Amino acid sequence: MQAATTDPTEELSSILWGLDPIFSAFAKLYVRDILQMTESRQVPGIYFYNSHPIYKVDVLGIVVYKRERDDFFCYGVDDGTGVINCLCWKNYLEKEEAEPDKSKVKPSDGAQGDFNLVAELKKLRQAQQSRCCLEIGELLRVRGPVKTSRQQREITASSYYKVNDPVMAVQIEWMMEVPQLYRKCYDKPLQLQQNATSDATISSLSKATNIIKDFLKQKSVTSFRPYDVQDLLQTLVSSRTQTAPAEQEPVAGPSACQQLRQLLREALQILQDEGVVYRKVKSQDEVYSVTVQDQGLLMAVKDVLREDSRRTKYADKGCHILHILAAVRQRFCLNVSKEALELVLKSLECNSDIISTSENYYTVFSCE
């Protein structure tokens, strides 16, 4: 395909690309979007998806065609949205396997006691070859920079391997993760703060959040109401008013009291999003409970793990975090978020009350 280009006047200056965290990451994009990305005129080999500069991607898909050369494989990878060519270089083990005479070792030289160097090297080569030499219909994960060669978009693999996925667990996890990345990152245009006012607002909000966190930690607060912490943020609103330019004409706007309430509201919302606090009952009386200090919540999580870990279904691997979340919401409080539960599980694990058996799976040390 012909690589599309964008108007250089609409592109973000290349000196600012590093401010976008997606630029230095392997973007998990759909093949369809990789093929349709527009190429930069400032720096060839850099592409744009929704104003995000991208040059390396991470793809998981089925091999639909294969071509082998002396030094590399060409795999056609289909992720369900399109097919892209992936250039995968052979490593030295595969080359030595293809030329055994150059690396031949006498069995007597390799055998030292019970350890046979030749046999172990052969096993290593076979394992490496089985992971890197794929056939049509097998699942391949490939990461690397995007290139345009002979008017065709392709990926030059920096790493690639066959994925053993007999029950499609990896593919299901991938299909759940990628749409979330699109919603949270890729589909949101890159927006850089253009003025000091916005920077000051973000700085004040960040400071307000940290002030409340420190207060809750130092005082070991279990629950509070907004007016209990409102005075802590008074200095932030005062300093913001004092730093306004002297030559700026006064304009109508929110009063200091209104700014304080707005800042407090936004800070509490951030703390809820992070799971630091939560509201057991959503009513006019705003009472916030501190997650890791709520003994009722801690006991509820331990009870769920203690009871459910006895069941045969969860005896070996433990309970998944989503199962624990559903049980806690059913037995304790509907307003507990996943982020709050993660902090509780981390706290219990630090205190050796529970143990993580694998990613997102937990169990108690002993179940009587």
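In this text the structure is predicted, and so the values were computed from the model without any measurement. What's counted below: heavy atoms across the whole structure, side chains too, no hydrogens, waters or symmetry copies.
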Under a 4.0 Å N-O cut-off, is there an ion pair linking [X] with [Y]?
X	Y	answer
Arg153	Glu39	no
Lys90	Asp71	no
Glu307	Lys302	no
Arg279	Asp294	no

Exercise for the section: Check the pair Val304 / Arg331 against side-chain contact (heavy atoms from CB on, under 4.5 Å), numbers first and verdict last. Expected result: CA-CA 9 Å; Val304 168; Arg331 305 177 194 180; 3.6 Å; yes
Handout entry: Qualifying side chain to side chain donor-acceptor pair (under 3.5 Å) pairs, either residue in residues 222-233, two or more places apart
Key =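 Output for this query lists Arg225-Asp285.
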Exercise for the section: If a pair satisfies side chain to side chain donor-acceptor pair (under 3.5 Å) and one of its residues is in residues 334-347, list it, with sequence neighbours excluded. Expected result: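 Checked against side chain to side chain donor-acceptor pair (under 3.5 Å) - neighbours excluded - no pair reaches residues 334-347.
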Just jot down the ring pair (Phe, Tyr, Trp, His ring centres under 6.0 Å) partners of [X], sequence neighbours excluded, or say none.
X	result
Phe215	none
His323	Tyr314
Trp174	none
Tyr361	His320

Practice task
Please report the C-alpha distance between Tyr362 and Thr357 in whole Å, then the side-chain angles of each, then the deciding distance to 0.1 Å, and finally whether the side-chain contact (heavy atoms from CB on, under 4.5 Å) criterion is met.
Solution key: CA-CA 6 Å; Tyr362 298 87; Thr357 58; over 6 Å; no
Exercise for the section: Look at the side-chain heavy atoms of Ile, Leu, Val, Met, Phe, Trp and Tyr, link any pair under 4.5 Å apart, and say whether Val287 and Leu297 land in one connected group. Expected result: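 Cluster IDs for Val287 and Leu297 differ.
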Practice task
Answer with yes or no whether the hydrophobic clustering places Val64 together with Leu140; edges join I, L, V, M, F, W, Y residues whose side-chain heavy atoms lie under 4.5 Å apart.
Solution key: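 Cluster IDs for Val64 and Leu140 differ.
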Practice task
Measure the acute angle between the ring planes of Tyr160 and Tyr75, then classify it against the limits of 30° and 60° as parallel, tilted or perpendicular.
Solution key: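 Aromatic pair Tyr160/Tyr75 classed tilted.
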Exercise for the section: Anything under 30° is parallel, anything over 60° is perpendicular, the rest tilted; go ahead and classify Trp89 against Phe72. Expected result: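 The arrangement is perpendicular - the two ring planes meet at more than 60°.
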Exercise for the section: Mark yes or no: Lys56 above the aromatic ring of Phe26, with NZ or CZ under 6.0 Å from the six-membered ring centre and no more than 45 degrees from the axis. Expected result: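 Judged by the rule (NZ or CZ under 6.0 Å from the ring centre, within 45° of its axis), Lys56 counts as positioned above Phe26.
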Handout entry: From Gln259, Gln258, Arg265, residue fulfilling side-chain hydrogen bond (donor to acceptor under 3.5 Å, both in side chains) relative to Gln262
Key =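 Going through the options one by one, the only one that passes is Arg265.
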Problem - side-chain contact (heavy atoms from CB on, under 4.5 Å) assessment of Leu35 paired with Thr81 - result: CA-CA 10 Å; Leu35 296 175; Thr81 67; over 6 Å; no
Problem - Identified side chain to side chain contact (heavy atoms under 4.5 Å, CB included) counterpart of Trp17 within the set Ile54, Ile22, Val43, Leu190 - result: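 Result: among Ile54, Ile22, Val43, Leu190, Val43 is the only option passing the side chain to side chain contact (heavy atoms under 4.5 Å, CB included) with Trp17.
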Problem - More than 12 heavy atoms from other groups under 6.0 Å of NZ on Lys147 - result: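 Check fails, neighbour count at 12 or below.
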